[in-house]
J.: 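I'd like to ask some things about the structure below.
We use all heavy atoms of the structure for the numbers below, so side chains are in, but hydrogens, waters and symmetry mates are not.
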Amino acid sequence: MSAPRVALFATCLTDTLYPDTAKAVVGLLERLGCEVDFPLDQTCCGQMHYNTGYQAETVPLARRYAEVFDGYDHVVAPSGSCAGMVREIHPGVCGTSPAVERTYELSEFLVDVLGVTDVGAYFPHRVTYHPTCHSLRMLGVGEKPLRLLRAVRGLTLVELPQAEQCCGFGGTFALKNAETSTAMLADKMRCVQDTGAQVVTAGDNSCLMHLGGGLSRLRTGVRAVHLAEILASTEEQPWVATP
């Protein structure tokens, strides 16, 4: 059987600010036998435009997505937020397409498509997991990220209190409703610190940026690390914190 052809949809935030996450996805999927491509013509999925009320401006971005990712066996995104936008919103914006139907958030692709939970990872740290809103409520990834984390050698997984509570980011919500966003962040950070974890992880860099920024400003010592980077880490090539 030939290796599945997988396109990486890196997403704007990851491509611009967190390229290590995109590299981790590629390394992880190649380790699991996938042929991975990064289409250079990819752009924004239009989520920011759509959620801010610019629905007409979303249409050309959704159509471009369908064109750029056409022909691949699967499209994988390290973001429940952007994968949810593609799968749940694009069909209503400009109709469905093969690319839309084959788009997956990373943990669902690993568990549901590749059928693996033990990806050969090694991450000797105390970790807590934050289920981001879109992955939890829009995509319904459920226990998939936790199943993957439980199989990581050396990792101690600790339950996050009030895990399903939003971290307060919400894209432009954090700008338009800064005081509410900050209050929600404070609640979430308190829960993270109560676990005694060294690392908080999630499937969306947007939420991790919000959490990581707050935890850093408080000098808690807790690092925010994307799920992909944990799963890509091995004993031979361990995860190294970016300064």
J.: Below 4.5 Å, heavy atoms only, C-beta onward: do Val113 and His74 meet side chain to side chain?
T.: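 A side-chain contact under 4.5 Å exists here.
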J.: Assess whether atom CZ of Arg31 is packed by more than 12 heavy atoms of other residues, nucleotides or ligands within 6.0 Å.
T.: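 Yes, CZ of Arg31 has more than 12 neighbouring heavy atoms, counting only those of other groups under 6.0 Å.
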J.: Let me check something: do Val116 and Val141 share a hydrophobic cluster, defined by ILVMFWY side-chain heavy atoms less than 4.5 Å apart, either directly or through other members?
T.: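 Shared cluster, no.
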J.: Quick one: closest heavy-atom pair of Cys94 and Val59, and the distance?
T.: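 The pair with the smallest heavy-atom distance is CB-CG1, 4.4 Å.
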J.: Do Tyr129 and Phe123 land in one hydrophobic cluster if side-chain heavy atoms of ILVMFWY residues count as linked below 4.5 Å?
T.: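 Linked within one cluster.
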J.: Find out if a path of hydrophobic residues (ILVMFWY) with successive side-chain heavy-atom gaps under 4.5 Å connects Val76 to Met85.
T.: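 In one cluster with Val76: Met85, no.
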J.: Between Leu139 and Gly80, what is the shortest heavy-atom contact and its length?
T.: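 Shortest heavy-atom separation between Leu139 and Gly80 comes out as CD1-O, 3.5 Å.
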J.: Show, in sequence, the C-alpha distance, side-chain angles and deciding distance for Lys144 and Glu105, and conclude whether the salt bridge (Lys or Arg N to Asp or Glu O under 4.0 Å) test is met.
T.: CA-CA 11 Å; Lys144 296 180 182 71; Glu105 179 269 341; over 6 Å; no
J.: Decide side-chain contact (heavy atoms from CB on, under 4.5 Å) for Phe69 and Arg102; before the verdict, give the C-alpha distance in whole Å, the side-chain angles of both, and the deciding distance to 0.1 Å.
T.: CA-CA 9 Å; Phe69 291 102; Arg102 296 168 186 164; over 6 Å; no
J.: Between Asp73 and Val6, is any pair of side-chain heavy atoms under 4.5 Å apart?
T.: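 No. Closest side-chain heavy atoms not under 4.5 Å.
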J.: For Thr103 and Val75, indicate whether the former's side chain and the latter's backbone hold a donor-acceptor pair under 3.5 Å.
T.: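 No, the answer is negative, given that no donor and acceptor are paired below the 3.5 Å cut-off.
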J.: Mark yes or no for whether Gln198, through its side chain, and Arg126, through its backbone, hold a donor-acceptor pair below 3.5 Å.
T.: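 Pair found, side chain donor or acceptor close to backbone of Arg126.
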J.: At their closest point, which heavy atom of Phe38 faces which heavy atom of Leu8, and how far apart are they?
T.: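 Nearest heavy atoms, Phe38 then Leu8: CD1-O, 3.7 Å.
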J.: About how many Å separate OG1 of Thr43 and CZ of Phe9, when rounded to the nearest 0.5 Å?
T.: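 These two atoms lie 7.5 Å from each other.
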J.: If two hydrophobic side chains count as joined below 4.5 Å and joins carry through other members, does Leu185 share a cluster with Val222?
T.: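 Yes; Val222 is reachable from Leu185 via cluster members.
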J.: Evaluate the side-chain proximity of Leu29 to Phe109: yes if any heavy-atom separation is below 4.5 Å, no if none is.
T.: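 Yes - at least one pair of side-chain heavy atoms lies under 4.5 Å apart.
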J.: What residue among Leu155, Val127, Leu157 forms side-chain contact (heavy atoms from CB on, under 4.5 Å) with Thr201?
T.: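 Of the listed residues Leu155, Val127, Leu157, the side-chain contact (heavy atoms from CB on, under 4.5 Å) partner of Thr201 is Val127.
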J.: Is the shortest heavy-atom distance from the side chain of Leu110 to the side chain of Leu231 under 4.5 Å?
T.: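 Sidechains of Leu231 and Leu110: in contact.
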J.: If the plane angle is over 60° it's perpendicular, under 30° parallel, otherwise tilted; pick one for His125 and Trp239.
T.: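 Taking Trp239 first and then His125, their aromatic rings stand perpendicular (interplane angle over 60°).
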J.: How far apart are the closest heavy atoms of Ala228 and Leu106, and which atoms are they?
T.: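 Closest approach of Ala228 to Leu106: CB-CD2, 3.6 Å.
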J.: Counting C-beta onward and ignoring hydrogens, is there a side-chain heavy-atom pair between Leu61 and Glu57 closer than 4.5 Å?
T.: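 Not touching, per the 4.5 Å side-chain cut-off.
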J.: Any chance you could measure Asn205, atom CG, to Thr132, atom OG1, to the nearest 0.5 Å?
T.: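 Atom-to-atom, Asn205:CG and Thr132:OG1 are 10.5 Å apart.
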J.: Donor-acceptor pair, Thr14 side chain versus Thr11 backbone, under 3.5 Å?
T.: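 No, because the side chain of Thr14 does not come within donor-acceptor range (under 3.5 Å) of the backbone of Thr11.
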J.: Is the closest side-chain donor-acceptor distance between Tyr104 and Asp112 under 3.5 Å?
T.: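 No donor-acceptor contact under 3.5 Å links the two side chains.
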J.: Check whether more than 12 heavy atoms from other residues, nucleotides or ligands sit under 6.0 Å from atom CD of Glu101, and answer yes or no.
T.: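 Atom CD in Glu101 is packed in, count exceeds 12.
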J.: Please check if the side chain of Thr220 supplies one atom and the backbone of Leu215 the other of a donor-acceptor pair under 3.5 Å.
T.: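 Present.
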J.: Quick one: do Arg217 and Met189 satisfy side-chain contact (heavy atoms from CB on, under 4.5 Å)? Show the steps, please.
T.: CA-CA 11 Å; Arg217 286 190 292 275; Met189 289 193 297; over 6 Å; no
J.: Taking the side chain as C-beta and beyond, is there a heavy-atom pair between Pro98 and Asp70 under 4.5 Å?
T.: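 Yes, their side chains come closer than 4.5 Å.
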J.: How many angstroms lie between atom CD of Glu67 and atom CZ of Arg64, to the nearest 0.5 angstrom?
T.: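 If we round to the nearest 0.5 Å, Glu67:CD and Arg64:CZ are 7.5 Å apart.
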J.: Of all the heavy-atom pairs spanning Ala62 and Val93, show the shortest one and how long it is.
T.: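 Closest approach of Ala62 to Val93: CB-CG1, 4.3 Å.
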J.: Under 6.0 Å from the OH atom of Tyr54, do we count more than 12 heavy atoms belonging to anything else shown?
T.: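 12 or below, so no.
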J.: Any non-hydrogen side-chain atom of Leu114 less than 4.5 Å from a side-chain atom of Val119?
T.: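 The answer is no, as the side chains (C-beta and beyond) never meet within the 4.5 Å cut-off.
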J.: Measure the OH-SG distance between Tyr65 and Cys82 for me, rounded to the nearest 0.5 Å.
T.: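 That separation rounds to 9.0 Å.
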J.: Do other residues, nucleotides or ligands put more than 12 heavy atoms under 6.0 Å from Met48 CE?
T.: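 Counting neighbours around CE of Met48, 12 or fewer heavy atoms of other residues, nucleotides or ligands fall under 6.0 Å, so no.
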J.: Side chains of Cys167 and Leu208: does their closest heavy-atom pair fall under 4.5 Å?
T.: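 Sidechains of Leu208 and Cys167: no contact.
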J.: Under the criterion side chain to side chain donor-acceptor pair (under 3.5 Å), which of Gln165, Lys188, Glu164 is the partner of His130?
T.: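 That would be Lys188.
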J.: Checking Ser233 side chain against Tyr122 main chain: does a donor-acceptor pair fall under 3.5 Å?
T.: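 Side chain of Ser233 to backbone of Tyr122: a pair is present.
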J.: Tell me whether Glu143 is salt-bridged to Arg150, with the criterion being a basic N under 4.0 Å from an acidic carboxylate O.
T.: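 Judged by the 4.0 Å cut-off on N to carboxylate O distance, Glu143 and Arg150 do form a salt bridge.
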J.: Whether the side chain of His226 engages the backbone of Gly203 through a donor-acceptor N/O pair (distance < 3.5 Å, no angle test) should be reported.
T.: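 Yes; at least one donor-acceptor contact below 3.5 Å.
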J.: Would you say the side-chain atoms of Thr21 and Glu229 include a donor-acceptor pair closer than 3.5 Å?
T.: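 Yes.
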J.: Shortest non-hydrogen contact from Met184 to Cys166?
T.: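 So the two residues come closest at CE-CB, 3.6 Å.
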